[in-house]
Amino acid sequence: MSIDNNLREMTISDADFNRMVTFVQSNYGIDLHAKRQLMQSRLGSVIKAKGFNDFKSYVDYMLNQSNGDDINELLGKLTTNYTYFQRETDSFDFYVKHILPDIEKKHQADKVLSIWSAACSSGEEPYNVTMYMMDYFGSRWHEWDARMLATDLSMDVLSKAKRGVYQLPENMPANWKRDYFKPSGNRWQIAQKVKDNVIFRQFNLMDPIQFKRKFDVIFCRNVMIYFDQPTKTALINRMYDATVPGGYLIISLSENLPPDTKWKRLTSAIFQK
């Protein structure tokens, strides 16, 4: 039987599955307890490429000798970095109509906004937030320092985000195409003025949040779906502490905060400290 056939029939033992689940959850917060079949189906090609003959050898390697590239590869196989421009526009509408006027008023003296796109994936979200801010401030944009922090665990998606080349959706407003993009073959390149407003960094959401400034707004959308409840609770509490009084947390419509959270709910996906 060929190696390929062996890989197709390869299964992971209970012990190795539990070791991998514990390793990923304790280090990166991602809950894989219900992902056994996904793990088996998606990691076969990785095991083959690394020259291992079974899951046990691969799990041993990941737990003891793996490096950053190995971790990026593993998490890329087991999670979905799916995002797009203008995702959940109701939240963006609320951001423009209510949040930006509020934080603009609070920062009239220093004209510095502190905004974080956590788990930014391939960059559409922070670039999109920047476009909304540029539209909102208009001719006053040059008066403000509204540079955004955008973080993700995966260096692969951060590399894509820094390149800023995309296939745009059909509903992308014509004025945004004109003002915030330039053609790049059959795709579109983020304009430099938008790119310059986003600072990309690698960051593990399991780590302490110790950035230079506390945040006026945190976007943390479509990442907590991978976490169990204790991990979610610990994260939103750390984000609460990392936000200024009256600051905002924006999550996705597919997520929720526990009923006993310290955050005040404003809409189904937007909360205030």
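Model, not experiment: these values are computed from the prediction.
Rounded to the nearest 0.5 angstrom, T11 OG1 and M39 CE are separated by 13.0 Å. A distance of 11.5 Å separates CZ of F200 from CE of M155, quoted to the nearest 0.5 Å. In this structure, CG in N222 is found 9.5 Å from CD1 in I251, a value given to the nearest 0.5 Å. In this structure, CG on D31 lies 7.5 Å from OG1 on T231, to the nearest 0.5 angstrom. Summarising the geometry, atom CG belonging to L235 is positioned 5.5 Å from atom CG belonging to L205; distances are rounded to the nearest 0.5 Å. Atom CD1 of I47 is separated from atom OH of Y58 by 7.0 Å, given to the nearest 0.5 angstrom.
Between the side chains of D228 and Q25, a donor-acceptor pair is found at a separation under 3.5 Å. Residues E124 and S122 bring a donor and an acceptor atom of their side chains to less than 3.5 Å of each other. For the residue pair D93 and H98, no side-chain donor N or O sits within less than 3.5 Å of a side-chain acceptor on the partner. In this model, no donor atom of one side chain and acceptor atom of the other lie less than 3.5 Å apart for S114 and D216. Q192 and D196 share a donor-acceptor pair across their side chains, judged by distance under 3.5 Å alone. In summary, the side chains of Y95 and D90 do not present any donor paired with an acceptor at a separation below 3.5 Å, with no hydrogens or angles considered. Side-chain atoms of R265 and N256 include a donor-acceptor pair closer than 3.5 Å. Side-chain polar atoms of Y61 and D70 form a donor-acceptor pair below 3.5 angstrom. A donor atom on one side chain and an acceptor atom on the other are found under 3.5 Å apart for S57 and D54.
Residue K111 qualifies as enclosed at atom NZ: its count of foreign heavy atoms under 6.0 Å is above 12. A 6.0 Å sphere centred on NZ of K264 holds no more than 12 heavy atoms belonging to other residues, nucleotides or ligands.
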Go through the steps to decide whether M20 and D16 satisfy the test side chain to side chain contact (heavy atoms under 4.5 Å, CB included), and finish with yes or no.
-> CA-CA 6 Å; M20 183 64 84; D16 291 326; over 6 Å; no

Does the salt bridge (charged side-chain N to carboxylate O under 4.0 Å, His left out) test come out yes or no for D156 and K160, once each step is laid out?
-> CA-CA 7 Å; D156 290 340; K160 294 177 183 177; over 6 Å; no

Where do F55 and L43 land on the side chain to side chain contact (heavy atoms under 4.5 Å, CB included) test, with the steps shown first?
-> CA-CA 9 Å; F55 266 100; L43 292 181; 4.0 Å; yes

Might you work through the side chain to side chain contact (heavy atoms under 4.5 Å, CB included) test for Q189 and K195, ending with a clear yes or no?
-> CA-CA 10 Å; Q189 168 79 58; K195 186 178 287 191; 2.9 Å; yes

Does the pair D241 and R238 meet the rule for a salt bridge (charged side-chain N to carboxylate O under 4.0 Å, His left out), with working shown?
-> CA-CA 5 Å; D241 292 339; R238 291 197 301 276; over 6 Å; no

Run the side chain to side chain contact (heavy atoms under 4.5 Å, CB included) check on I250 and I218 step by step: do they pass?
-> CA-CA 6 Å; I250 302 177; I218 298 176; over 6 Å; no

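V244 is not connected to I115 by any chain of hydrophobic side-chain contacts under 4.5 Å among Ile, Leu, Val, Met, Phe, Trp and Tyr, and they are in different clusters. Hydrophobic clustering keeps L253 apart from L266 (ILVMFWY residues linked when any side-chain heavy atoms are closer than 4.5 Å, directly or through intermediates). If you chain together hydrophobic residues whose side chains sit under 4.5 Å apart, F137 and V112 never meet in one group. A chain of hydrophobic side-chain contacts below 4.5 Å, direct or via other Ile, Leu, Val, Met, Phe, Trp or Tyr residues, connects M239 to F211. Clustering ILVMFWY residues whenever any of their side-chain heavy atoms sit less than 4.5 angstrom apart, transitively, puts V165 in a cluster other than the one holding Y180.
Ring centroid separation for the pair W116 and F219 does not come in under the 6.0 Å cut-off.
Inter-residue side-chain proximity for W188 and Q167 is flagged as unmet; no heavy-atom pair is nearer than 4.5 Å. Contact check for L100 versus K105: no side-chain heavy atoms found under the 4.5 Å cut-off. Between F203 and L153, every side-chain heavy-atom pair lies at or beyond the 4.5 Å cut-off. Looking at C120 and T151, their side chains never come closer than 4.5 Å, going by heavy atoms from C-beta outward. Two residues are said to be in side-chain contact when any heavy atoms from C-beta on lie closer than 4.5 Å; F17 and Q40 fail this criterion. You'll find the side chain of R147 stays beyond 4.5 Å of the side chain of V198, heavy atoms only. For the pair L249 and C220, the minimum side-chain heavy-atom distance is below 4.5 Å. Between M206 and I30 the shortest side-chain heavy-atom distance does not fall below 4.5 Å.
Counting only distance, with no hydrogens or angles, the side chain of T261 and the backbone of L257 share no donor-acceptor pair below 3.5 Å. Remark: side-chain polar atoms of N197 are paired, donor with acceptor, to backbone N or O of A146 under 3.5 angstrom. In this structure a side-chain-to-backbone donor-acceptor pair under 3.5 Å is present from K273 to T243.
Considering every non-hydrogen atom in both W141 and M133, the closest pair reads CZ3-CB, 3.7 Å. Nearest heavy atom pair, residue D179 against residue A191, reads O-CB, 4.2 Å. Residue H107 comes nearest to W144 through the heavy atom pair O-CH2, 3.5 Å, listed as atom of the first residue, atom of the second, then distance. When all heavy atoms of E255 and V223 are compared, the closest pair comes out as OE2-N, 3.0 Å. In this structure, N204 and N27 approach most closely via the heavy-atom pair ND2-O, 2.8 Å. Nearest approach of E125 to S117, heavy atoms of both residues: OE1-OG, 2.6 Å.
Note that R221 lies in the cation-pi zone of F92, set by a 6.0 Å cut-off to the ring centre and a 45° limit from the axis. Annotation: cation-pi geometry not satisfied between R163 and Y166 (NZ/CZ under 6.0 angstrom from ring centroid, within 45° of ring axis).
Identified under the ring pair (Phe, Tyr, Trp, His ring centres under 6.0 Å) test for residues 23-47, with sequence neighbours left out: none. Residues in residues 246-273 take part in these ring pair (Phe, Tyr, Trp, His ring centres under 6.0 Å) pairs, two or more places apart or across chains: Y240-W263.
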